[in-house]
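Take a look at the structure set out below.
Reckoned from all heavy atoms, side chains included, excluding hydrogens, waters and symmetry mates. Below, read A as the first sequence line, B as the second, and so on, with proteins coming before strands; counting in each chain starts at 1.
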Protein chains: 2
Amino acid sequence: MDLPEAFKCPTAHEVIDDLRPLFGERLSTAQAVRDQHGHDESWHAGAAPDAVVFPLTTQEVSTVVTLCAKHKVPVIPFGAGTSLEGHVTAVHGGIAIDMSQMAQVIRVSPEDLDCTVEAGITRKALNAHLRDTGLFMPVDPGADASIGGMVSTRASGTNAVRYGTIRENVLGLTVVMADGSIVQTGGRARKSAAGYDLTHLLVGSEGTLGVVTEITLRLHGIPEDVGAATCSFESVDQAVATVIETIQSGIPVARIELMDAAMVRACNAYSKLTLPEQPMLFLEFHGTSASVQEQSQRVADLADANGGRGFQWSSRAEDRTRLWEARHNAYYSALALEPGKQGFTTDVCVPVSRLADVISDTRADVDSTDLMAPLVGHVGDGNFHLIMLVDPLKPDEVASAKALHERLVMRALDAGGTCTGEHGIGLGKRDFLLREHGDAVPAMRAVKRAFDPQGIMNPGKMLPDA
Amino acid sequence: MDLPEAFKCPTAHEVIDDLRPLFGERLSTAQAVRDQHGHDESWHAGAAPDAVVFPLTTQEVSTVVTLCAKHKVPVIPFGAGTSLEGHVTAVHGGIAIDMSQMAQVIRVSPEDLDCTVEAGITRKALNAHLRDTGLFMPVDPGADASIGGMVSTRASGTNAVRYGTIRENVLGLTVVMADGSIVQTGGRARKSAAGYDLTHLLVGSEGTLGVVTEITLRLHGIPEDVGAATCSFESVDQAVATVIETIQSGIPVARIELMDAAMVRACNAYSKLTLPEQPMLFLEFHGTSASVQEQSQRVADLADANGGRGFQWSSRAEDRTRLWEARHNAYYSALALEPGKQGFTTDVCVPVSRLADVISDTRADVDSTDLMAPLVGHVGDGNFHLIMLVDPLKPDEVASAKALHERLVMRALDAGGTCTGEHGIGLGKRDFLLREHGDAVPAMRAVKRAFDPQGIMNPGKMLPDA
């Protein structure tokens, strides 16, 4: 038994003592397990919880939270650990609830295009399960995140432009509240006007209001045909103009991604490609064969009118893979620019009309620093990321990156945008939340107090210190 | 000056005295004005507020709410008065805030497909304003509701199946909170993961958490081409099977409406038509000419395989109007069945896979009563309405309608559905909210207390009596 020498939360041992006979080996205080649950994939410093439990049922989650409430011990829900703003860091110790053993598909209804799953299932496991039904869950944040984690961080990704973010795809939730009570929100009806929309209050609440244990999701039909396309542009302005006209024309593009020239250069180096080192759009089209062809042709025309060059498209699987190869490897290509450095990933989202300006100013800002920071974006939504390459052991470099990041967020806010399109607030953006929504933060605090009066649910996250 | 002889709210006169010098003729205590603001279009008994104010700015709304908070006087936001569950009834008197003079379009950004409007503008006025931009606001609840009212009741309608309800089309709000403070929620970014989703907590909150004064909305491109179609079926099962297969196939149908045989019979009588008196689907397709044609053909094939007869479609405007004439006049056709009676309109929503059963059981239930009650539904969402024809002066008939309504709602809940797809809870469905979401009502009450500790915001609505 590897008990931590000192509990970070002084009353954690009382909960652990009560849980041990109930959970047996599904409760761990081993240092390696605790460390693994104390950090996500971001650059934020981790902090281990005092123990980790692996529940099998909503009732078991309720038992854990009830005991934590009794002893005022922090509760930190843990999905796949792929969050990007320090969401799972156990700032004040406490009990991490690892949901990975609650990973069942409870129900699929092909007639209703919906399903209910346990929160610990990952999106890839869900889509593997669904394959035979002809349906899929479209939200794709890149990482193989758990569905519960995606709900909690309001995750999104490359095809939100067509299918919405996780917010638009959640119909209902089972949630363990901060007092251990179990609540169902929403339901299976496609739409409802019955009472406050607790479902969407909980989506994106980052574990600070309750623990999501089950999720009812909308599903979509796997498209009959898929097309992929790429096109290069001399300027980001031209690429963004093409995006705006594509969306204005109602072309139901499934993905539309932008890389800036720096990112294309990184991809050429990493994957030994010979792409023009210019801003580049990557597109995907879903529909019938006729519709995919029509969509591709219409976007090709718009790109051409905006100065796009070398438009290529294909609906053959191997060609699609080739066309998108650079985009798929973008993150690793960026890291390979400076081996040994870490990727600090940012996330802002602005009105699409302001995107070209914001990107152009950001590029000039990056160039004024010593940092390498290629850019990639879900440009149909106005959402983009800089991947800043930083040696975390060099304080000057870290400081330079943090200052660049802050200027980027302020630029996005000045453009009418948001400090995070999809990664969430977590530990990293609490001050930016105040700058973006200062007038609304008191109402957010009121919600927090109403749901979690003792402040035990993932404390230290999202809301700025009072 | 027509002061009410006795204020229903005993402290209302203090607010009225303070507001009179500020609002002049934009404050009314005339009985006719008060009566007009005390009821909506439903069968629920009205109750007049003590006074009505007509603010011009968010700041003026804040002034009214601040004074009401000081004197503990109810605040009832009033849009176009087209709600259907008694939402504006001044149960405890108080001040109605008529938003009709806040009806400006503040900003339209065609590049971003969004706009910001004052809450009092109606959807038709907004769409008239937008016409030259090539954009439109798709949510269409039938009535020419105000956008603020639509936000507050989570309105929906015929084309939610394609464009979503108002919930999916709101990006941000300006809200006057119960203490008079002014808060901005959401923003102009297409997506955001910044903090609790107060926007969607307020959408559908029926004026019980705050007064919505400005709304930022997503817009959509007016489709290049529009097609309309109709098809008759021997059974509701066949019609619903066609709907399910249409949606499973990913055909992006813009509207898909069902009338049962009783409703078709009523339409034939009212509009002197000769439609087969069988269940009937009404469809609308949006897209390019090629896409509209392809969609129509695919649905025609699905309808045919399910026993549909007489499929007709057209993209010519006059033919489209003719095809949809019966649907457009459905409500008046129903009323004309028994002149002098009132239409009690119900609203439930179930998973589409259960729709045929629920409708079939409901039809048998109606037939076991003496009531006429044709049925019409937004069948792509599983949402349908019975229009029960009732003489409100005959207590037996009213009691029979209420009992039928209760059985309908319970049948919908038993099928995994909701007690309201789009009309909301208001006065009329508070007990059903408890039956549908009994375990979540404590959390809803906690939200209410957090936002409105004095209980002055549209009191007596949505939440069941404690």
Notebook entry, point to check: Any luck finding a side-chain donor-acceptor pair between B:Thr153 and B:Ser83 under 3.5 Å?
Noted result: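 Note: B:Thr153 and B:Ser83 side chains miss the donor-acceptor criterion.
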Notebook entry, point to check: Does a donor on one side chain and an acceptor on the other come within less than 3.5 Å for A:Gln293 and A:Ser289?
Noted result: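 No, no side-chain donor-acceptor pair sits under 3.5 Å.
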Check whether any side-chain heavy atom of [X] lies under 4.5 Å from a side-chain heavy atom of [Y], and answer yes or no.
| X | Y | value |
| --- | --- | --- |
| A:Val409 | A:Thr420 | no |
| B:Phe136 | B:Leu219 | no |
| A:Thr288 | A:Val292 | no |
| B:Val447 | A:Val447 | no |
| B:Pro141 | B:Glu422 | no |

Interface moiety of [X] toward chain B, non-hydrogen atoms closer than 4.5 Å:
| X | value |
| --- | --- |
| A:Asp381 | both |
| A:His286 | neither |
| A:Phe451 | side chain |
| A:Pro110 | both |
| A:His437 | side chain |
| A:Glu206 | side chain |
| A:Thr208 | both |

Looking only at heavy atoms and a cut-off of under 4.5 Å, which of [options] has the most pairs with chain B?
| options | value |
| --- | --- |
| A:Arg449, A:Lys429, A:Glu294, A:Glu168 | A:Glu294 |
| A:Gly417, A:Ser109, A:Gly210, A:Ser156 | A:Ser156 |
| A:Gly250, A:Gly204, A:Ala443, A:Gly221 | A:Ala443 |
| A:Glu111, A:Glu245, A:Arg430 | A:Glu111 |
| A:Gly424, A:Cys419, A:Pro351 | A:Pro351 |
| A:Gly134, A:Ala160, A:Gly195 | A:Gly195 |

Does [Y] offer a backbone N or O that forms a donor-acceptor pair with the side chain of [X] under 3.5 Å?
| X | Y | answer |
| --- | --- | --- |
| B:Asp237 | B:Ala356 | no |
| A:Asn169 | A:Pro138 | no |
| A:Asp197 | A:His200 | yes |

Note to self: Quick test of your reading of the model: are B:Arg354 and A:Asp112 salt-bridged, counting only N-O distances below 4.0 Å?
What the structure shows: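 Result for this pair is no, no salt bridge flagged.
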Engaged part of [X] at the chain A interface, taking heavy atoms whose separation is under 4.5 Å:
| X | value |
| --- | --- |
| B:Arg167 | side chain |
| B:Arg445 | neither |
| B:Leu198 | side chain |
| B:Met462 | side chain |
| B:Gln248 | both |
| B:Glu224 | side chain |
| B:His220 | neither |

Check: What distance do B:Ile251 atom CD1 and B:Arg298 atom CZ have between them, rounded to the nearest 0.5 Å?
Finding: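 If I round to the nearest 0.5 Å, the distance is 4.5 Å.
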Check: Rounded to the nearest 0.5 Å, how far apart are CG of A:Asp431 and CD1 of A:Ile425?
Finding: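 Here the interatomic distance stands at 10.0 Å.
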Margin query: Applying a heavy-atom distance below 4.5 Å, give me the residues of residues 182-193 of chain A that approach chain B, sorted by number.
Written below: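 Within residues 182-193 of chain A, near chain B: A:Ile182, A:Val183, A:Gln184, A:Thr185, A:Gly186, A:Arg188, A:Ala189, A:Arg190, A:Lys191, A:Ser192, A:Ala193.
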